[in-house]
Engineer: 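Please see the structure below; I have some questions.
Keep in mind the model is a prediction, meaning the values are calculated, not measured. Just the heavy atoms: all of them, side chains too, but no hydrogens, waters or symmetry mates, feed the values below.
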Amino acid sequence: MTDLVLHEHVTGPRGERVLVRRSSRRRRTVSITRRDGDLVVAVPATFSARQERDWVTKMVDQLVRKESRKTPRRRSDAGLEKMAREVSEAYLGGRARPSSVTWSTRQNQRWGSCTPTDGTIRLSHQLQDMPDYVVRSVMMHELVHLLVLDHGKEFRELMALYPQAQKAQGFLDGVSWAKNLLPGELEGDLEGPPEQAAPDGPSQPALPSQSSQPE
């Protein structure tokens, strides 16, 4: 029997319907997969109602755990402000003190930007899932710009205080390359009056089923 039957006692992690398919070809395996917005649990046709209920619950819980491991924890604006303080204190003696640090969905051509006149820093949402050392490097870049407007010798000397700056730049260049964009320095990231802004630089750039075996 292969008809899908709605399981009324369990829903998916986002409210999805859970459909059960009993299969005469299955003997000891149970699987769960996403299909057209629903969760489909395939169980042996010989399962009792209790076995079906127990295994449906177990498989949905297993799916939730698996997907939570795959989904990176989203960083908040408050987390960015904390990071800015940590980076400034560790590498700049706490001299760079932004008035606000936020994520921005408008930063599609830059990894980050700052406005020295009001001390605001914005990081591109595209950094959300990148390694921590990469996000901190971009943060360091913008913090240095609160102290130095251009990308001259003083800027480079301060940026070199962050030990993973070159590694992070290589990572970002790789991301840009993968997106078929030109790799380049983190330039063009100052916003403010024309006399304070640095010249613009180069532009930046169905769940497989899982199976278990009843014990």
Engineer: Could you tell me which residues satisfy salt bridge (Lys or Arg N to Asp or Glu O under 4.0 Å) with Arg106, sequence neighbours excluded, listed by chain and number?
Structural biologist: none
Engineer: Below 4.5 Å, heavy atoms only, C-beta onward: do Val30 and Phe47 meet side chain to side chain?
Structural biologist: yes
Engineer: Rounded to the nearest 0.5 Å, what separation is found between the OG1 atom of Thr105 and the CD atom of Gln128?
Structural biologist: 11.0 Å
Engineer: Holding to side-chain contact (heavy atoms from CB on, under 4.5 Å), I want the full list of residues that pass it with Thr57, two or more places apart in sequence or in another chain.
Structural biologist: Val10, Asp61
Engineer: To the nearest 0.5 Å, what is the distance between CG (Leu63) and CZ (Arg34)?
Structural biologist: 5.5 Å
Engineer: Going by salt bridge (charged side-chain N to carboxylate O under 4.0 Å, His left out), name the pairs with one or both residues in residues 39-52, residues two or more places apart or in two chains.
Structural biologist: Arg22-Glu52, Arg50-Asp54
Engineer: Who pairs with Ser99 by side-chain contact (heavy atoms from CB on, under 4.5 Å), at least two apart in sequence or on another chain?
Structural biologist: Thr120
Engineer: Run the salt bridge (Lys or Arg N to Asp or Glu O under 4.0 Å) test against Asp77 and tell me which residues pass, sequence neighbours left out.
Structural biologist: none
Engineer: Closest approach of Pro98 and Leu143, non-hydrogen atoms and distance?
Structural biologist: CD-CD2, 3.7 Å
Engineer: If you look only at distance, which donor and acceptor atoms sit under 3.5 Å apart when one is on a side chain in residues 78-88 and the other is two or more places apart or in another chain?
Structural biologist:
from: Lys82; atom 1: NZ; to: Glu86; atom 2: OE2; distance (Å): 2.4
from: Glu86; atom 1: OE1; to: Arg136; atom 2: NH1; distance (Å): 3.3
from: Glu86; atom 1: OE1; to: Arg136; atom 2: NH2; distance (Å): 2.7
from: Ser88; atom 1: OG; to: Ala96; atom 2: N; distance (Å): 3.3
from: Ser88; atom 1: OG; to: Ala96; atom 2: O; distance (Å): 2.7

Engineer: Using only heavy-atom distances, determine whether the side chains of Ser113 and Arg122 contain a donor-acceptor pair under 3.5 Å.
Structural biologist: yes
Engineer: Mind checking whether Phe171 and Tyr133 have parallel, tilted or perpendicular rings, split at 30° and 60°?
Structural biologist: perpendicular
Engineer: If we only count heavy atoms from C-beta on, is the His151 to His141 side-chain gap below 4.5 Å?
Structural biologist: yes
Engineer: Do Met159 and Ser137 have side chains that get closer than 4.5 Å, going by heavy atoms?
Structural biologist: yes
Engineer: Hey, do the aromatic rings of His145 and Phe155 have their centres closer than 6.0 Å?
Structural biologist: yes
Engineer: Please report the interatomic distance CZ(Arg53) to NZ(Lys58), rounded to the nearest 0.5 Å.
Structural biologist: 15.0 Å
Engineer: Rounded to the nearest 0.5 Å, what separates atom CD1 in Ile121 from atom CE in Met139?
Structural biologist: 6.0 Å
Engineer: Could you go through Leu172 and Trp111, starting from their C-alpha distance and side-chain angles, then the distance that decides it, and tell me whether this counts as side chain to side chain contact (heavy atoms under 4.5 Å, CB included)?
Structural biologist: CA-CA 9 Å; Leu172 293 173; Trp111 297 120; 3.7 Å; yes
Engineer: Got Arg17 and Leu6 here, is their nearest side-chain heavy-atom distance under 4.5 Å?
Structural biologist: yes
Engineer: Using a 3.5 Å distance criterion without hydrogens, assess whether the side chain of Gln51 forms a donor-acceptor pair with backbone atoms of Ser48.
Structural biologist: yes
Engineer: Please report the closest heavy-atom contact between Trp103 and His125, naming both atoms and the distance.
Structural biologist: CE3-CA, 4.0 Å
Engineer: Mind listing the closest non-hydrogen atom pair of Arg110 and Ser124 along with its distance?
Structural biologist: O-CB, 3.3 Å
Engineer: Find out whether Arg21 and Val43 are in side-chain contact, i.e. whether some heavy atom of one side chain is under 4.5 Å from a heavy atom of the other.
Structural biologist: no
Engineer: How close do Pro44 and Arg26 get, heavy atom to heavy atom, and via which atoms?
Structural biologist: CB-O, 3.5 Å
Engineer: Atom OG1 in Thr33, atom CG in Asp38: separation rounded to 0.5 Å?
Structural biologist: 11.0 Å
Engineer: Stepwise, does the side chain to side chain contact (heavy atoms under 4.5 Å, CB included) test hold for Leu147 with Arg95?
Structural biologist: CA-CA 8 Å; Leu147 306 176; Arg95 292 187 295 144; 3.9 Å; yes
Engineer: List the steps and the verdict of side chain to side chain contact (heavy atoms under 4.5 Å, CB included) for Gln164 and Lys167.
Structural biologist: CA-CA 5 Å; Gln164 293 182 294; Lys167 179 182 177 182; 3.9 Å; yes
Engineer: Please give me the minimum heavy-atom distance between Leu149 and Pro116, naming the atom from each residue.
Structural biologist: CD2-CG, 3.5 Å
Engineer: Run the numbers on Arg35 and Leu19 for side chain to side chain contact (heavy atoms under 4.5 Å, CB included), then give the verdict.
Structural biologist: CA-CA 10 Å; Arg35 182 183 301 173; Leu19 306 178; over 6 Å; no
Engineer: Do Gln62 and Lys66 have side-chain heavy atoms sitting under 4.5 Å apart?
Structural biologist: no
